Amino acid sequence: MQTIEERYLAAKRALFDKVYGTLNERQREAVFTVNNPLLVLAGAGSGKTTVLVRRIAFIIRYGNAYFSEYVPYGVDESRVRELERALDLPVREIESGILPEFANQACQPYRILAITFTNKAANEIKERLAKMFPEDGATASEIWTGTFHSVCVRILRLHCEKVGYRPGFTIYDTDDSKKTVAAAMKRCNIDEKLLPVKGVMSAISRAKDRLLTPDDFAMEAGSDFRQKQIARVYEAYQQLLRESNALDFDDIIMQTVLLLKNHPAVREAYQSRFKYVCVDEFQDTNVAQMQLTVLLSGLHQNLMVVGDDDQSIYKFRGATIENILTFDKTFPSATVIKLEQNYRSTQTILDAANAVIAHNAGRKGKTLWTAAGEGEKIHLRLCDDQNTEARFVVDTVNRAVARGEATYRDFAVLYRTNAQAQSIEKAFARSAVPYRVLGGTRFTDRKEIRDAVAYLQLVNNHDDNVRLERIINEPRRKIGAKTLDAIAQIAEEQGCSRFSVIERCASFGALERSRATLEGFASLINSLSELAQKVTLDVLFDAVLDRSGYRQMLIDAGEEEKDRLDNLEEFKSGILEYMKENDEPTLTGFLEETALVADVDRYDESADAVVMMTIHSAKGLEFPIVFLPGMEDGLFPGMQTITAGESEMEEERRLAYVAITRAKKALYMIHTRTRLLYGQTAYNPVSRFVSEIPASLVENPDEDGHGGFGSRVGSGFGGGFGRQTSVWGARGAESSVTQKKTYYSEPRPRTPIRQTAPPSGERITVGKNLSTPKATPKEIFAPGDRVRHLTFGEGEIISVKPMGADTLYEIVFDRVGTKKLMATYARLKKL
DNA sequence: CACGCTCTGCCTGCG
DNA sequence: GCAGAGCGTG
């Protein structure tokens, strides 16, 4: 017999469960678990952002209401009955009328910190939080949401002097850093040919990711000559950055960590402020970012991290998958919740993804499943070369659009390397298919934009030597390398900035010849600095372009540089936008935003065009129909991965997993017999990742519909390729027939794939070319039964759960571990 | 100092 | 195969 208290708590939880009934059980658990460390292992498409956003809203409204054991004084039989009866009320009424009284230590919004990696993700969270509190805009805006970098810059702006930077510091991007590293190497008398700048730069970056100071780095280098050299450059590089009052992207994180570590008062202030800390995409964090989160959440320990170890694809950028793999060891009190139900893709796509990723050893182990149904098979396609491949993509798109089965925006082409974009882009352009290419040169990487920004940067921070050098002779002012060397030398001797040397050039004999131009330049910058105090940003921007002569230079160049002028105008509209969005627009603020905003944010999902991007940049996105060109060993996985170790191959495999799970309803994997790569013709075998997908999931015209390509298909020396460069379709009769089978397929009913299984256990077939086996007899298994699955082999049922009209089995397979499968689709045979 | 030629190296890339 | 960097010449 339950006590009154037990019944009260049960009724309370039942009411919360009902109001949050649109979430699945696991999602609800994640939302309600607010205190103590929490690791949410969120598979692709499992609704992790929903969980993140709803959990934050829950914390603000109800605090620890769900799991709290608190029972108010005076709760009696009649009250409990009332609550139990309330379960029949509509959700809205429960939510507004009853739930608020359960609130337990509800948290003020400004005490919650949510950290993401990209501005895009941060904005999405902000927008969705705003929707959670439609009644007042203030609540959502008080929640501290931002990228690692924006959060750290915000902290550093207030405390930078404690770590040795002056207020108004500048942020150097990769290009500025590279120049500074080159300068540092020059100072150390190290030849760039013996030690490439690129390598040094990345070594320094990796060191900062791991919080290693130049001294630490030197210690670790030991007697290794190369490493010792890099240590010297690292030291000099930091020196140069400090002289310019500049931080690079890695410093932003590392210096914040050092600030919090070494200044207890600052640390304690933030620790007591942040009662709840949430981190998104936790699998992408590096040592420094991990340390930062641990420090910020150190007092209250309410740290929630969301991530997917299977989507960790940024090791090369310093991410340590160990952060997520060992989170529960680092925090023994942590709750771990796996989100495995997928709301994005068909079961076929998920089965393929699951099968591929199952080949990795170092993982937490998740198996995605969906209630959506099987969907169409995965299309595998062999083409002659990259041009045929491109034509195949374009024609498939055109056909589907012509039939009214899809619009351009439904398609995405995802590739391993940016170089692959070229041939496909050409084909789209030729056939007048609207398309967009993401990545490559960013808007803000264009020369004219960088120059204009450099002017603004120098106006904002006169010590910024890199930007000074960038624009002092742009437009031409006859200030060449000679003069600059002299200035740098004097600056070094005097221990002052180069700009102050230029200002006082009259005092230095060595600068006599350029005195007039230098003074002119100094007064240009100084007058712009004065102007910056008086006028709005857009006016300042025009003044920079006019007074510097930069605009005139482009106008004089005529038609050739027209684009650059247009780009500058576009950039100006960005300035106006910034001014509209910020109550107190400042030059520093704008420059900061420019430095911290990437190009991905420019991806406009509403435009009706096929989108092309690398698999890396597609992480987090989804598309109805996905093309994966270049599924070849040597390209994906790349040659350097094949010759490297197993852990590199696992990362590459995770990338394949990310690629596959982007697709909602259809996935086309393409490989070619020959491919022009780095000016050479390569004959690549089909990607091993393709071979890791069970043949039963794949429709493979090249095998004449028999499936079963356990061995490699298209190792590719079969038919007369090479001489026949004609596009497909104009080739021999036999192959056109094959092609007809694949993408000249019969019109497919536009059956929505996301529909639940019919209660009868009937299979949903999307397209009649799907040769699905006869419907499985609805045999009911019990825990302990031995069964056989087509792809997973033999296993034992460990749990049986009715799910609507279907049944969810949890099965431990002998070969592949535990999987959750829906009875309708699992095609289980009793042994 | 600017232009043009040759040479090199080349995966992915947030902020 | 191509872009960007570096070098040499007018």
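Residue numbers begin at 1 in each chain, while the letters A, B, ... track the order of the sequences. What you are looking at is a predicted structure, and each value in this text was computed from that prediction instead of being measured.
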Peer 1: Name all residues meeting the side chain to side chain contact (heavy atoms under 4.5 Å, CB included) criterion together with A/Met553; count only those two or more places apart in sequence or in a different chain, and write none if there are none.
Peer 2: A/Glu474, A/Pro475, A/Tyr550
Peer 1: So, are A/Asp176 and A/Arg470 salt-bridged, with charged N and O less than 4.0 Å apart?
Peer 2: no
Peer 1: Under 4.0 Å between a side-chain nitrogen and a carboxylate oxygen: does that hold for A/Glu650 and A/Arg363?
Peer 2: no
Peer 1: Using heavy-atom distances to pick each residue's nearest nucleotide on DNA chain B, tell me which of A/Phe249 and A/Phe316 is more 5'.
Peer 2: A/Phe316
Peer 1: Under 3.5 Å, which protein N or O atoms sit close to an N or O of nucleotides 1-6 of chain B? Give each pair with its distance.
Peer 2:
from: B/dC1; atom 1: OP1; to: A/Gly480; atom 2: N; distance (Å): 2.9
from: B/dA2; atom 1: OP1; to: A/Arg476; atom 2: NE; distance (Å): 2.5

Peer 1: Do A/Phe689 and A/His359 have their ring centres less than 6.0 Å from each other?
Peer 2: no
Peer 1: Check whether any side-chain heavy atom of A/Ser548 lies under 4.5 Å from a side-chain heavy atom of A/Arg477, and answer yes or no.
Peer 2: yes
Peer 1: Output the rounded distance in Å from CD (A/Gln422) to C1' (C/dC2).
Peer 2: 8 Å
Peer 1: B/dC11 C1' sits how many Å from A/Asp633 CG, rounded?
Peer 2: 15 Å
Peer 1: Any Lys/Arg nitrogen of A/Asp310 or A/Arg654 sitting under 4.0 Å from an Asp/Glu carboxylate oxygen of the other?
Peer 2: no
Peer 1: Reading DNA chain B 5' to 3', what string of ( ), [ ], | and . shows its pairs, if Watson-Crick and G-U wobble pairs count only when both distances fall under 3.5 Å?
Peer 2: ||||||||||.....
Peer 1: Charged N to carboxylate O under 4.0 angstrom, A/Asp308 versus A/Lys48?
Peer 2: no
Peer 1: In plain terms, say whether A/Glu592 and A/Arg157 are close enough for a salt bridge, that is, a side-chain N and a carboxylate O under 4.0 Å apart.
Peer 2: yes
Peer 1: Name the nucleic acid region contacted by A/Gln640, choosing base, sugar-phosphate or nothing; use a 4.0 angstrom heavy-atom cut-off, strictly under.
Peer 2: base
Peer 1: Identify the residue among A/Asp464, A/Asp251, A/Leu247 that makes a side-chain contact (heavy atoms from CB on, under 4.5 Å) with A/Tyr172.
Peer 2: A/Asp464
Peer 1: Would A/Arg467 pass as a cation-pi partner of A/Tyr455, given that its NZ or CZ must be under 6.0 Å from the six-membered ring centre and within 45 degrees of the axis?
Peer 2: no
Peer 1: Aromatic ring centroids of A/Tyr668 and A/Phe623 under 6.0 Å?
Peer 2: no
Peer 1: In whole Å, what separates the P atom of C/dG4 from that of B/dG13?
Peer 2: 16 Å
Peer 1: Rounded to the Å, how far apart are A/Lys179 NZ and C/dA5 C1'?
Peer 2: 13 Å
Peer 1: Can you measure A/His149 atom NE2 to B/dG13 atom P for me and round it to whole angstrom units?
Peer 2: 16 Å
Peer 1: Do A/Lys315 and A/Glu652 meet the salt-bridge criterion of a basic N to acidic O distance under 4.0 Å?
Peer 2: no
Peer 1: Mind checking what makes side chain to side chain contact (heavy atoms under 4.5 Å, CB included) contact with A/Glu519, not counting sequence neighbours?
Peer 2: A/Cys505, A/Ala506, A/Arg515
Peer 1: A/Glu648 CD to B/dC11 C1': how many Å, rounded?
Peer 2: 13 Å
Peer 1: Which whole-number value in Å describes the distance from A/Glu425 CD to C/dG1 P?
Peer 2: 19 Å
Peer 1: Report which part of the nucleic acid A/Leu676 touches: base, sugar-phosphate, or nothing (heavy-atom distance under 4.0 Å, all strands).
Peer 2: sugar-phosphate
Peer 1: Should the pair A/Lys178-A/Asp175 be classified as a salt bridge under the 4.0 Å nitrogen-to-oxygen rule?
Peer 2: no
Peer 1: Can A/Tyr314 be classed as stacking with the base of B/dT12, given a centroid separation cut-off of 5.5 Å and a plane angle cut-off of 30°?
Peer 2: no
Peer 1: Find the distance A/Arg416:CZ to B/dG13:C1' and express it as a whole number of Å.
Peer 2: 11 Å
Peer 1: Rounded at 0.5 Å granularity, tell me how far CG in A/Asn684 sits from CZ in A/Arg675.
Peer 2: 7.0 Å
Peer 1: Residues of residues 655-663 of chain A with any non-hydrogen atom less than 4.0 angstrom from an atom of DNA chain C: list those, numerically ordered, please.
Peer 2: none
Peer 1: Where along residues 181-192 of chain A does a heavy atom come under 4.0 Å from DNA chain B, residue by residue in number order?
Peer 2: none
Peer 1: Determine: side-chain N/O of A/Asn418 to OP1/OP2 of B/dC10, distance under 4.0 Å, yes or no.
Peer 2: no
Peer 1: Please give, in whole Å, the distance from C/dG1 C1' to A/Lys426 NZ?
Peer 2: 10 Å
Peer 1: Measuring to OP1 and OP2 of B/dG13, would you say a side-chain N or O of A/Thr614 lies under 4.0 angstrom away?
Peer 2: yes
Peer 1: Go through B/dG13, C/dC7, B/dC11 for me and flag the one nearest to the A/Lys193 side chain.
Peer 2: C/dC7
Peer 1: Under 4.0 Å between a side-chain N or O of A/Tyr678 and OP1 or OP2 of B/dC11?
Peer 2: yes
Peer 1: Need one value for A/Lys315: base, sugar-phosphate or nothing, where a base atom within 4.0 Å counts as base even if backbone is also close, heavy atoms only.
Peer 2: nothing
Peer 1: Are any of A/Lys198's side-chain N or O atoms less than 4.0 Å away from OP1 or OP2 of C/dG4?
Peer 2: no
